[in-house]
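Comments concern the structure below.
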Amino acid sequence: MASQDWIDKDFYSVLGVSKDASQADVKKAYRKLARKYHPDQNPGDAAAEKRFKDITEANSVLSDPEEREQYDAIRAMGSGARFTAGGPEGAGGAGGAGFEDIFGDIFNGGGGRRRYTTSSGGGGGFEDIFAQFGGGQGGGFGGQSGFGAQGGFSGYQAPPAKGEDIHTTTTIPLRSAYNGTTVKLRRGNGQTTTVRVPKGVKDGQRLKIAGKGHTGPGGNGDLFVTVKVKEHPFFTREGQDVHVTVPVSVAEAGLGATVQVPTLDGGHVNVKVPAGTSSGRRMRVKGKGFTSGSSTGNMIVTVQIVLPATINDAARQALEDFAAATEDFDPRADLGAQAAV
């Protein structure tokens, strides 16, 4: 909402961004500063609380394309200017019109048009600019000008402000991200809020819980929770798929086998390893990945052949016999051609 004090405030400097910063840059800068100066992170620090309020105000204007356009226009037009009402003579001594009154007409669809003059020098500049915003010049004080029957200005009353939003982070295990969970967050005043984390939540995903922010005269703000997901020593996630690496013996890889593979839901699946399987071969277990909405991924099983650290005489003899039986097989036959590409 166009405001009288915008002319004295440099919201770009408050957020540390340039005037041509993108919406993404504004959002990134706000999040970084909000985390640093949030009252929950700086209890009892009045300076940090004041800085947080300035950051929040700057973001509320610059993150809204309409308000940002108004702000830029006001800053561009208002530098060094003072405004007075230019009504016709004998209209009962029209008093000085406030900055908010003027821009309330331009941006908020106030009543009839008014003419205004500026004491900053130069002729006619502001009237021309107002015509661009208002679509024409319009007349003097009329019945729809915003003045009451007794001559008092009705003015624009800003709606009560909502409470500030709360931004926080929670960390959950990978298995909880797979199954879905609830977390309890404790606020600075000792109150707790229970947040439901849906199945399939991704690392870095932000959840919004409406009305769980700070209390304000216009209602509560919102709670924003960024979810961090811990790494798992066995399972890894890529998109909706779960990836695992399963060790098998030389005999299992050579002759074929069925091996049990743990799953994220706490169970296991039987995976068939075909005869002649090499390390790095991947097999898909359908429907054992992460579920998000109506979409469910798969589990991708990668085979890794593992040898015992110590080879006894019988195993050595078996390997020598195997080598003799497969002496015509050269696993590196195509290596030179691949490297030459």
Side-chain angles (χ1 to χ4, degrees), residues 24 28 169-183 195-208 224-311 315 318-319 322-323 325-326 328-341:
K28 183 178 178 181
T169 301
T170 188
T171 303
I172 63 174
L174 183 67
R175 197 180 299 276
S176 294
Y178 178 85
N179 293 316
T181 187
T182 58
V183 295
V195 177
R196 186 183 71 83
V197 180
K199 292 176 63 174
V201 67
K202 297 178 181 178
D203 181 51
Q205 185 173 335
R206 191 172 72 157
L207 307 177
K208 176 182 177 181
F224 293 90
V225 181
T226 300
V227 179
K228 297 293 185 182
V229 181
K230 294 179 183 177
E231 292 185 358
H232 194 279
F234 180 65
F235 301 102
T236 57
R237 178 177 185 174
E238 292 185 15
Q240 297 292 86
D241 293 335
V242 176
H243 287 251
V244 297
T245 299
V246 177
V248 297
S249 68
V250 172
E252 288 173 329
L255 301 176
T258 297
V259 297
Q260 279 192 352
V261 180
T263 56
L264 260 175
D265 58 11
H268 69 272
V269 292
N270 293 324
V271 177
K272 184 177 180 181
V273 179
T277 292
S278 299
S279 278
R281 181 168 181 175
R282 304 203 310 175
M283 288 157 287
R284 183 181 68 170
V285 181
K286 191 174 181 180
K288 286 296 182 180
F290 281 81
T291 296
S292 180
S294 59
S295 173
T296 300
N298 305 308
M299 185 164 75
I300 308 301
V301 179
T302 300
V303 171
Q304 183 180 41
I305 298 173
V306 178
L307 291 169
T310 303
I311 306 294
L319 289 173
F322 179 76
T326 58
D328 293 334
F329 172 65
D330 182 1
R332 294 173 296 280
D334 297 330
L335 204 60
Q338 293 175 27
V341 174

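Worth knowing before you read on, the calculation uses all heavy atoms, side chains too, and leaves out hydrogens, waters and symmetry mates.
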Note to self: Is it the case that atom CZ in Phe234 sees more than 12 heavy atoms from other parts of the structure closer than 6.0 Å?
What the structure shows: yes
Notebook entry, point to check: Of the non-hydrogen atoms in Val248 and Ala253, which two are nearest, and what is the gap between them?
Noted result: CG2-CB, 4.1 Å
Next item on the list: Please name the pair of heavy atoms, one in Val306 and one in Pro247, separated by the smallest distance, quoted to 0.1 Å.
Entry: CG2-CB, 3.6 Å
Margin query: For a quick test of reading the model, state the closest non-hydrogen atom pair linking Val269 to Met299 and the distance between them.
Written below: CG2-CE, 3.6 Å
Checklist line | Minimum heavy-atom distance between Leu264 and Arg175, given as atom pair plus value | finding: O-NH1, 2.6 Å
Check: Should Lys286 and Thr296 be marked as a side chain to side chain contact (heavy atoms under 4.5 Å, CB included) after you check the CA-CA gap, both sets of side-chain angles, and the distance that decides it?
Finding: CA-CA 9 Å; Lys286 191 174 181 180; Thr296 300; over 6 Å; no
Item checked: Note, Pro274 side chain near Met283 side chain (heavy atom, < 4.5 Å) -> yes
Margin query: So, taking the atom named CG in Leu174 and the one named CG in Asp203, what distance separates them when rounded to the nearest 0.5 Å?
Written below: 9.5 Å
Note to self: Donor-acceptor pair, distance only, cut-off 3.5 Å: does the side chain of Asn298 make one with the backbone of Asp241?
What the structure shows: no
Checklist line | Candidate list Val246, Val244, Thr245, test side chain to side chain contact (heavy atoms under 4.5 Å, CB included), partner Thr302, passing option | finding: Thr245
Checklist line | Contact summary for Val229 and Val201, nearest pair of heavy atoms | finding: CG2-O, 4.4 Å
Checklist line | Pairwise distance CZ(Arg237) to CD(Glu231) - rounded to 0.5 angstrom | finding: 13.5 Å
Check: Is there side-chain contact between Arg196 and Leu207, with heavy atoms separated by less than 4.5 Å?
Finding: no
Note to self: As an exercise, state the distance from NE2 of His243 to CZ of Arg282, rounded to the nearest 0.5 Å.
What the structure shows: 5.5 Å
Notebook entry, point to check: About how many Å separate CG of Leu319 and CG of Leu307, when rounded to the nearest 0.5 Å?
Noted result: 7.0 Å
Check: Going by heavy atoms in the side chains, are Thr170 and Val195 under 4.5 Å from each other?
Finding: no
Item checked: Contact summary for Ser292 and Gln240, nearest pair of heavy atoms -> CB-NE2, 3.2 Å
Margin query: Working to the nearest 0.5 angstrom, can you tell me the gap between Thr291 OG1 and Lys199 NZ?
Written below: 4.5 Å
Note to self: Using modelled atom types and a 3.5 Å cut-off, is there a donor and acceptor pairing between side-chain atoms of Thr226 and backbone atoms of Thr169?
What the structure shows: no
